[in-house]
Amino acid sequence: MSAATLRRLIVIVLIALWEILPRAGLIPELFLPSLSSTLAAGWNEAGEYGHALAVTLYEVAISMAFACGGGILLGAIVGSLPRPRILIMPMVSSLYAVPLVILYPVFTVWLGIGSESKIAFASIYGFLPTMLATAAGIQTIDPQLLLAARSMGATLSQRLVRVIIPAAIPTVLSGLRVGGALVIVGVVVSEMLISSAGIGYLISRYRTILDSPHVFAGVLLVLAMAIAFNAAIKWIERKAAIWQTGTRAGQTAAEEIAPSTLQPAT
């Protein structure tokens, strides 16, 4: 049995248990409502959940642009320059160890309870791991690549875009996966703490009235967002692997052809 088939069987068994155990009374529906009642609750309030999902997706998209885009760019700069790396990396690593959720009340004081505070919090929450992973990946690049780029007169921006980031793609994508997941967590958690809109707000609101089916309907939407994001990262990884394979093949062919062109004709 292949691993993919085994994973599908596990998912099917879990879904069946989710429906059967609450229906049989083995688990109180207050703790775990059946899957059918959860889906029915979400369907009956589809308009409300749709609006909340749109708000959450908007906040996640903006936060990812700041967290992942800024994290990759600053991580590439810090990782490729020795002095900024020595100065900044220890501070960022120490800050990453701090539970950043304690900062969210500060953002609400500064920016209010609207989308701005959630975007700021989630951006910082996802920025740190993305930056750290990118900077660590930059340090694994072959120094000969950087030396060759500098010897050909490439500027710092050209080295970042054409040499450094492409060479560190696997590590960058690893950091992107962690950073993006934390962005989703940051947005939903901030909506649950202080908010008036979004999936996290609905989960928190229905939790206060002990409406478990509606709570788990919101949880399913968050799970769907996380699964979709992970699938997108896997798709990018496959495309990057194909691109890197083609690049290595081209470099190998060039290395094989170059010596033959330098041999004198007989």
Side-chain angles (χ1 to χ4, degrees), residues 48-76 78 88-89 91-137 171-208 214-234 236-237:
E48 183 179 40
Y49 280 100
H51 174 71
L53 180 62
V55 172
T56 300
L57 288 176
Y58 166 76
E59 293 170 350
V60 167
I62 301 299
S63 300
M64 280 195 181
F66 285 118
C68 299
I72 291 173
L73 180 60
L74 188 58
V78 171
I88 296 176
M89 289 299 290
M91 293 189 295
V92 175
S93 299
S94 301
L95 185 61
Y96 183 49
V98 176
L100 297 180
V101 70
I102 63 176
L103 297 178
Y104 182 63
V106 178
F107 286 109
T108 60
V109 172
W110 291 346
L111 304 172
I113 64 172
S115 296
E116 293 81 3
S117 60
K118 298 166 189 58
I119 290 172
F121 171 71
S123 297
I124 294 178
Y125 204 36
F127 171 83
L128 296 179
T130 306
M131 176 188 171
L132 289 173
T134 302
T171 310
V172 169
L173 289 178
S174 177
L176 187 62
R177 173 181 278 111
V178 176
L182 288 180
V183 164
I184 296 175
V185 171
V187 168
V188 174
V189 168
S190 61
E191 289 175 347
M192 293 177 67
L193 292 175
I194 304 175
S195 181
S196 58
I199 295 297
Y201 165 72
L202 288 185
I203 293 174
S204 181
R205 192 185 77 183
Y206 284 118
R207 175 185 56 82
T208 59
H214 283 90
V215 170
F216 276 85
V219 172
L220 281 180
L221 287 178
V222 176
L223 182 62
M225 281 193 299
I227 291 174
F229 173 74
N230 188 61
I233 294 297
K234 286 184 176 181
I236 295 174
E237 285 178 339

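When reading the values below, keep in mind they use all heavy atoms of this one structure, side chains included, and skip hydrogens, waters and symmetry mates.
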My understanding is that only residues two or more places apart in sequence, or in another chain, count here; which of them pass ring pair (Phe, Tyr, Trp, His ring centres under 6.0 Å) with Tyr104? Phe121
Partner of Ile184 under side chain to side chain contact (heavy atoms under 4.5 Å, CB included), picked from Val189, Val60, Leu57, Thr56, is Val60
Heavy atoms only: give me the nearest [X]-[Y] pair and the separation to one decimal.
X	Y	result
Gly179	Cys68	C-SG, 4.5 Å
Val187	Ala122	CG2-CB, 3.5 Å
Ser63	Val183	CB-CG1, 3.5 Å
Leu111	Ala120	CD1-CB, 3.7 Å
Val215	Tyr49	N-OH, 4.5 Å
Phe229	Gly180	CZ-CA, 3.4 Å

State, yes or no, whether a side-chain contact exists between [X] and [Y] at a heavy-atom distance under 4.5 Å.
X	Y	value
Tyr201	Val55	no
Glu191	Ile203	no
Leu220	Phe216	no

Residues passing the side chain to side chain contact (heavy atoms under 4.5 Å, CB included) test with Leu182, sequence neighbours excluded, are Tyr96, Tyr125, Pro129, Val178
Is there a donor-acceptor contact under 3.5 Å from the side chain of Thr130 to the main chain of Leu176? no
How long is the span from the [atom1] atom in [X] to the [atom2] atom in [Y], to the nearest 0.5 Å?
X	Y	atom1	atom2	answer
Leu221	Leu53	CG	CG	5.5 Å
Ser204	Leu193	OG	CG	8.0 Å
Glu48	Ile199	CD	CD1	9.0 Å

Excluding sequence neighbours, so at least two apart, what forms salt bridge (Lys or Arg N to Asp or Glu O under 4.0 Å) with Glu116? none
